Amino acid sequence: MTTEEIEMRKVIKEMLPDVGTNRETIDKAVKDIINEKVDEVLAQEAAPTVQKELVKDLIKDEMKNFRISVEIKRETQNEKD
């Protein structure tokens with residue numbers, strides 16, 4: 001560690017209590033920030049999976065609707081014959 005870094009640490013240690021900040025508040029703030037970032041990353045990673053599931057469900061619903069419409073057409077044609 002350079003002398004500048006040591007001096008900077010000393011100055012910061014003296015300033016922190018003046019603004020009501022101590023080691024515990026810094027630890028809590030850092031943990032909160034890390035948790036936010038982790039949540040953001042997890043949300044970004046989960047989004048494509050959720051989208052894939054939504055698309056699969058939509059396709060299944062459309063296929064079901066198509067099958068039903070085909071069956072209805074067949075029944076109406078059979079009734080006409």
Side-chain angles (χ1 to χ4, degrees):
M1 191 177 297
T2 65
T3 56
E4 291 85 13
E5 291 172 334
I6 294 170
E7 287 302 316
M8 183 63 80
R9 284 179 152 222
K10 287 180 185 176
V11 170
I12 291 173
K13 281 183 181 179
E14 291 172 5
M15 292 173 63
L16 289 176
D18 294 340
V19 294
T21 304
N22 58 25
R23 192 175 285 264
E24 288 80 27
T25 56
I26 292 174
D27 285 346
K28 184 181 179 321
V30 169
K31 286 178 185 175
D32 290 345
I33 292 169
I34 290 172
N35 286 335
E36 284 178 26
K37 295 298 180 183
V38 168
D39 290 345
E40 287 176 15
V41 169
L42 291 175
Q44 289 174 354
E45 292 299 318
T49 303
V50 170
Q51 289 173 352
K52 286 179 186 177
E53 291 301 317
L54 290 173
V55 169
K56 284 181 184 178
D57 291 344
L58 181 63
I59 290 171
K60 285 179 185 177
D61 289 344
E62 287 300 317
M63 291 296 291
K64 189 184 298 182
N65 291 338
F66 178 74
R67 286 183 194 135
I68 291 171
S69 67
V70 167
E71 288 297 319
I72 291 172
K73 285 180 184 177
R74 284 183 186 161
E75 287 179 13
T76 55
Q77 282 181 347
N78 288 341
E79 289 175 3
K80 288 179 183 178
D81 293 338

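Quantities reported herein were computed from a predicted structural model and do not represent experimental measurements. In this chain, numbering begins with 1 at the start of the sequence shown. Any value given below was found using the heavy atoms of this structure, including those in side chains, with hydrogens, waters and symmetry copies removed.
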With I12 via side-chain contact (heavy atoms from CB on, under 4.5 Å) - residues at least two apart | M8, L16
Would you please name every residue forming a side-chain contact (heavy atoms from CB on, under 4.5 Å) with T3, sequence neighbours left out?
->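 If we apply the side-chain contact (heavy atoms from CB on, under 4.5 Å) test to T3, skipping adjacent residues, there are no hits.
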Apply side-chain hydrogen bond (donor to acceptor under 3.5 Å, both in side chains) to E71 and list each qualifying residue two or more places apart in sequence or on a separate chain.
->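 Partners of E71 under the side-chain hydrogen bond (donor to acceptor under 3.5 Å, both in side chains) test: R74.
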Any pair with a residue in residues 4-13 that passes side chain to side chain donor-acceptor pair (under 3.5 Å), sequence neighbours left out, goes on the list, sorted by first then second residue, please.
->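 Listed by first then second residue: T2-E4.
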Under 3.5 Å, which donor-acceptor pairs do the side chains of residues 25-37 form with other protein atoms, sequence neighbours left out?
{"residue": "T25", "atom": "OG1", "partner": "N22", "partner atom": "N", "Å": "2.9"}
{"residue": "T25", "atom": "OG1", "partner": "N22", "partner atom": "O", "Å": "2.8"}
{"residue": "T25", "atom": "OG1", "partner": "N22", "partner atom": "OD1", "Å": "3.3"}
{"residue": "K28", "atom": "NZ", "partner": "D32", "partner atom": "OD2", "Å": "3.0"}
{"residue": "N35", "atom": "ND2", "partner": "K31", "partner atom": "O", "Å": "3.3"}

Result block: side-chain N/O donor-acceptor pairs under 3.5 angstrom for residues 58-68, not counting sequence neighbours:
{"residue": "N65", "atom": "ND2", "partner": "D61", "partner atom": "O", "Å": "3.3"}

